[in-house]
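Inspection log for the structure reproduced underneath, given as structure tokens.
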Amino acid sequence: MDARAEAGEIVPARKLKGRVVALFATTNPKHFETAAVDRLALGLDGIAGDRHGGFERRSSGREPWYPRGTPIRNGRHLSILSVEDLAEIARRLEVPEVDAASIGANLVVEGIPRLTMLPRGTRLVVGAVAALNVDDQNAPCRIAGRSLARHLDRPEIELGFAKVAQRLRGVVAAVDRAGEIAVGDEIVAHLPEQWIYRP
């Protein structure tokens with residue numbers, strides 16, 4: 001082992017296991033909210049008919065290094081949240097619960113601690129076949145805040161959601177291997193080796 005690893009700057013690859021407790025899909029591609037389903041068929045371009053489907057997407061404020069609207073690779077096929085992170089958001093907002101569909105979720109899982117902090121490149125194997133590749137944290141936005149505020153009849157949440165849900169909003173992922181997933185499936189997170197780059 002090299003000196004940098006001994007100094008604690010390199011974390012070995014590892015696996016974590018959880019379970020899919022809810023699945024959601026877009027019912028109208030023009031609408032932000034999703035609706036509960038028992039199964040999702042995943043193609044290499046995402047969920048058929050979903051607002052985030054496709055091999056490419058247009059850049060937004062999340063990618064300030066490109067002019068807005070530039071065609072880029074789509075790493076945002078699915079929005080994945082955890083029961084634990086949703087409970088913490090609800091606690092901070094002082095509401096009974098946060099409805100995952102109201103903030104555009106596709107998967108809700110339990111049993112993977114601090115799911116939102118999974119590193120880029122984590123491979124999520126769901127059920128017997130399907131696999132997803134974590135692209136990034138899903139930064140909380142005003143659109144989700146507005147939808148949740150309307151759902152809870154709490155107008156003040158629209159602006160407060162982004163701050164409260166920071167690093168709790170789950171991750172976005174692209175389909176790495178096509179397949180069908182169902183509520184109750186095991187999900188295995190294969191975390192890559194991690195390191196801090198210091199030039």
Could you give the distance from [atom1] ([X]) to [atom2] ([Y]), rounded to the nearest 0.5 Å?
X: S102; Y: E33; atom1: OG; atom2: CD; answer: 6.0 Å
X: I103; Y: S79; atom1: CD1; atom2: OG; answer: 7.0 Å
X: N133; Y: R120; atom1: CG; atom2: CZ; answer: 11.5 Å
X: I80; Y: N138; atom1: CD1; atom2: CG; answer: 10.0 Å
X: T116; Y: L81; atom1: OG1; atom2: CG; answer: 6.5 Å
X: L132; Y: L107; atom1: CG; atom2: CG; answer: 6.5 Å

### Message
My understanding is that only residues two or more places apart in sequence, or in another chain, count here; which of them pass side-chain contact (heavy atoms from CB on, under 4.5 Å) with A90?
### Response
V95, V98
### Task
Taking side-chain contact (heavy atoms from CB on, under 4.5 Å) as the test, write out the residues that go with A101, two or more places apart.
F24, T34, D99
Indicate the atoms forming the closest heavy-atom contact of [X] with [Y], along with that distance.
X: V129; Y: G179; answer: CG1-CA, 4.4 Å
X: D135; Y: G75; answer: CB-O, 3.3 Å
X: A178; Y: G43; answer: CB-CA, 4.0 Å
X: F161; Y: C141; answer: CD2-O, 3.8 Å
X: A162; Y: P140; answer: O-CG, 3.2 Å

### Message
Strictly by side-chain hydrogen bond (donor to acceptor under 3.5 Å, both in side chains), give each pair with a member in residues 157-168 just once, sequence neighbours left out.
### Response
Q137-R167, R142-E158, R146-E158
With no hydrogens and no angle check, is any side-chain donor or acceptor of [X] less than 3.5 Å from a backbone partner on [Y]?
X: H77; Y: G54; value: yes
X: D38; Y: V183; value: no
X: S147; Y: A144; value: no
X: E84; Y: G111; value: yes
X: R14; Y: E193; value: no
X: S59; Y: G69; value: yes
X: R154; Y: A149; value: no
X: T26; Y: N28; value: no

#### Entry: Greater than 12 external heavy atoms within 6.0 Å of R62's CZ
yes
### Query
Does CG belonging to L159 count more than 12 external heavy atoms closer than 6.0 Å?
yes
Within one Ile-Leu-Val-Met-Phe-Trp-Tyr cluster: [X] and [Y], side-chain cutoff 4.5 Å:
X: V109; Y: V175; value: yes
X: M117; Y: L124; value: no
X: I181; Y: V188; value: no
X: V134; Y: L44; value: yes
X: I187; Y: L42; value: yes

### Task
Please collect all salt bridge (charged side-chain N to carboxylate O under 4.0 Å, His left out) contacts where either partner lies in residues 50-60, sequence neighbours excluded, each pair once.
R57-E63
### Listed once per pair and sorted, the salt bridge (charged side-chain N to carboxylate O under 4.0 Å, His left out) pairs that draw on residues 171-181, sequence neighbours left out
R39-E180, R123-D176
### Summary
Note: with side-chain heavy atoms under 4.5 Å as the link, the other cluster members for W65 come out as Y66, I72
### Task
Would you mind checking if R169 and D85 are paired as a salt bridge, meaning a charged N to carboxylate O distance below 4.0 Å?
no
### Message
Checking side chain to side chain contact (heavy atoms under 4.5 Å, CB included) between S82 and each of V108, V171, L115, which is the one that passes?
### Response
L115
### Close side-chain approach of I10 and W195, heavy atoms under 4.5 Å
yes
